[in-house]
2 protein chains.
Amino acid sequence: MSQATVSLVLGEKWPGRVSERTVETVRAAARDLGYRPNLAARSLRLGRTRTVLLVVPALTTEFFARVYTGAERVAADNGFGVVLYPSPEGVGPARDPFDSARASLDGVIASSMAADALVAVRGGGLPLVMLDSDPDDAAAAATVNLDIADGARQVAEHLLGLGHRRVAHLAAAVDSWTFRVRARALAETVDGVPGAALSAEPAGLSVEEGRRAAERVLARPGPRPTALVCDDDILAAGACKAARRLGLRIPDDISVTGFDDLALATAVEPELTTVRLSAEAVGAAGMRALMTLLDGETPQDTVLPVDLLRRGSTAPPPRL
Amino acid sequence: MSQATVSLVLGEKWPGRVSERTVETVRAAARDLGYRPNLAARSLRLGRTRTVLLVVPALTTEFFARVYTGAERVAADNGFGVVLYPSPEGVGPARDPFDSARASLDGVIASSMAADALVAVRGGGLPLVMLDSDPDDAAAAATVNLDIADGARQVAEHLLGLGHRRVAHLAAAVDSWTFRVRARALAETVDGVPGAALSAEPAGLSVEEGRRAAERVLARPGPRPTALVCDDDILAAGACKAARRLGLRIPDDISVTGFDDLALATAVEPELTTVRLSAEAVGAAGMRALMTLLDGETPQDTVLPVDLLRRGSTAPPPRL
DNA sequence: TTGAAAGCGCTAACAC
DNA sequence: GTGTTAGCGCTTTCAA
């Protein structure tokens, strides 16, 4: 029995070339011997690795863990593996993502938030799908976005509809497309209502920094905002803590909104009004786009819808 | 210039065999050409892949995302890559982890909670490090544990010291060593104090299920427990919600404790008294043990210390 | 100090 | 319908 025959059978390329009887023999032998193909050899021969790199800013945020989960599922369905490159937070020289990924790669999916790693990724010359990033960016063969602008608009309209006129935006202190979009859509919507005013305050992406930013906002001279729009749920949790420390009740005295709908959003009291972003869908759509690309076709840019979840942290502003 | 010379230089095996001048020439050329060694070929030749599989129950829980982060850091320092196998939650046939990992593997690190995947892992014949699992388990060449028993004891002593005598345990409905240890240590400590009683209530690992379990506990006939010990912070967040729905104040009417010290623990109000488990340290120690194993040495079993963080969710029980 | 050559395990083209 | 063979890119042994 030759190697070639075995390869044909195990690669499901035998119909019309190998007899049924031989096929059975091969399969039985493979099973009995516990045969496992050597992936390194296969990769070497084929020049493809069936491995994809996913570049995310950090895994410890539930959001990107979910993105990974969605991406991994689709990859597995296509016989691909996913290697993660969590771009190092803060200081320290970013390791070369292509070196860190011990495997050779067939393609890359990258979040726009993993800014540090992007330069290297762009230079990689590999098929690239960008997540949640500027669709006009020429580097990516495809982009998968959430309709973040619509989400921000829905938040603003919800709040304005409740009667809020002084809104403060706790804006993520991260220079990334997704946060710029939030700020712009929010500003446009609020500006569209006479007498409504928006202020912004930058905040690092943690509960603690969210709390401090909210305290700065609430300590400002002049009339206090009646609603705090936060760039994500973590910030919103921090904002709630700040409000409570100052003796303000949520939502009676002040409304708070988040983004993402993390587990956190329903763990806090009151539950957060937030914009649900389906992180798993982002990961899955990103991987699907990359698979299309690897098949030599051109994937469509995807924009995934988002919904506003009205929960307990928003209400009409207090009467004067 | 031959392949061999280049290989020697790039593999840092040249001293005494290649002239300094040639070394420089090779390095310059490699840089100019942007040469990247083909890992598949190297793996094929060496029979080792410098890739490790990390088996975790789910990434979307912050805890295991942190374990990955710690493991990945140590792996990268040793020139290894990490492939994740998040064992499928709930139903569905578990894919073969060795198939899912597209690379061939040099070793495996597995959490005891990823029960489904374990059978396949054990059969792999690869060096295996188990995380947070029974040290008597013979399958693993090494175990890395947290001193969970000590954590549970500290929680119990803290509560007993505050004067609590009726304690309920919201026990994770997962059959895993780590949770059995918590239950046992808690029971032993409470039993050591005359007049103190412990009851247990199983709960799925989510805020919602934690809330329901706590509601069951608090609705039981007879005197209400004055403290709720929860197997993790997520459950504790649910328990807090249950208490509040019943009009109980935390910690005045009832104390609540968690485990893990997730971001959630300080996001809720009041902040949770909890046992800090350093998930990153677990991942890092696990990877270090595996590296030792791959060097042909025998790693020590590791037990990492834990600390009780006393925060706002515990206080003396209400006076009768 | 450098080069030539073998071979890791696989797949695909081609010969039988 | 099956077998033979070349060669993917690398490391290592051995010869020059």
Side-chain angles (χ1 to χ4, degrees), chain A residues 1-51 78-81 96 98-99 101-107 124-126 294-296, chain B residues 1-51 78-81 96 98-99 101-106 124-126 294-295:
Chain A
M1 177 84 46
S2 77
Q3 266 192 74
T5 308
V6 175
S7 177
L8 251 20
V9 172
L10 267 26
E12 295 300 332
K13 304 227 164 98
W14 58 272
R17 314 218 261 154
V18 179
S19 68
E20 297 257 0
R21 222 170 79 71
T22 313
V23 169
E24 280 317 311
T25 318
V26 170
R27 291 217 174 114
R31 201 172 342 98
D32 294 351
L33 298 169
Y35 170 79
R36 301 197 156 281
N38 180 317
L39 272 347
R42 177 180 294 172
S43 296
L44 180 57
R45 178 65 237 245
L46 297 178
R48 291 172 296 107
T49 54
R50 298 188 87 74
T51 300
N78 288 272
F80 274 69
D96 178 348
F98 297 104
D99 187 58
R102 302 298 318 169
S104 314
L105 269 11
D106 287 345
L126 287 169
L294 261 20
D295 283 345
Chain B
M1 176 88 44
S2 77
Q3 268 191 71
T5 308
V6 175
S7 176
L8 252 18
V9 172
L10 266 27
E12 294 300 331
K13 305 224 164 98
W14 59 271
R17 313 217 260 155
V18 179
S19 68
E20 298 258 1
R21 223 171 79 72
T22 312
V23 169
E24 281 316 311
T25 318
V26 170
R27 291 217 174 113
R31 201 172 345 97
D32 294 351
L33 298 169
Y35 171 78
R36 303 196 155 280
N38 180 317
L39 272 346
R42 176 180 293 171
S43 295
L44 180 57
R45 177 66 235 246
L46 297 177
R48 290 173 296 107
T49 53
R50 298 188 87 74
T51 300
N78 287 271
F80 274 68
D96 179 349
F98 296 105
D99 187 57
R102 304 295 320 167
S104 313
L105 268 10
D106 287 344
L126 287 171
L294 293 177
D295 283 346

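Chain identifiers are assigned alphabetically (A, B, ...) following the order of the sequence lines, protein sequences preceding nucleic acid strands; residue numbering begins at 1 within each chain.
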- Taking all heavy atoms of Ala41(B) and all of Leu44(A), pick out the closest pair and write down the distance. CB-CD1, 3.6 Å
- side-chain hydrogen bond (donor to acceptor under 3.5 Å, both in side chains) involving Asn38(A) - partner list, sequence neighbours excluded: none
- Query: For the atom pair CG (Leu39(A)) and OG1 (Thr51(B)), what is the distance rounded to the nearest 0.5 Å?
  - Reply: 10.5 Å
- Query: Among residues 17-30 of chain B, which contact DNA chain D at a heavy-atom distance under 4.0 Å?
  - Reply: none
- Note on the structure: Angle separating the five-pair end axes of the helix from dT1(C)-dA16(D) to dC16(C)-dG1(D), nearest 10°, is 50°
- What is the 5' to 3' range of DNA chain C, first to last nucleotide, that sits under 4.0 Å from any heavy atom of chain A? dG9(C) to dA12(C)
- Query: Just by modelled atom types, is the Ser43(B) backbone N or O under 3.5 Å from a matching donor or acceptor in the Arg50(B) side chain?
  - Reply: no
- With the side chain counted from C-beta on, respond yes when Phe80(B) and Leu294(B) share a heavy-atom pair under 4.5 Å apart, and no when they do not. yes
Check nucleotides 7-9 of chain D for protein N or O atoms closer than 3.5 Å to its own N or O atoms and list the pairs.
from   : atom 1 : to       : atom 2 : distance (Å)
dG7(D) : N2     : Arg45(A) : NE     : 3.4
dG7(D) : N2     : Arg45(A) : NH1    : 3.3
dC8(D) : O2     : Arg45(A) : N      : 3.4
dG9(D) : N2     : Ala41(B) : O      : 3.4

- Contacts of type side-chain hydrogen bond (donor to acceptor under 3.5 Å, both in side chains), residue Ser19(A), not counting sequence neighbours: Thr22(A)
Show me the donor-acceptor pairs within less than 3.5 Å that the side chains of residues 4-13 of chain A make with the rest of the protein, sequence neighbours left out.
from     : atom 1 : to       : atom 2 : distance (Å)
Thr5(A)  : OG1    : Ser2(A)  : OG     : 3.0
Glu12(A) : OE2    : Arg27(A) : NH2    : 3.3

- Message: So if I take residues 4-12 of chain A and measure heavy-atom distances to DNA chain C, which residues fall below 4.0 Å?
- Response: Ala4(A), Ser7(A)
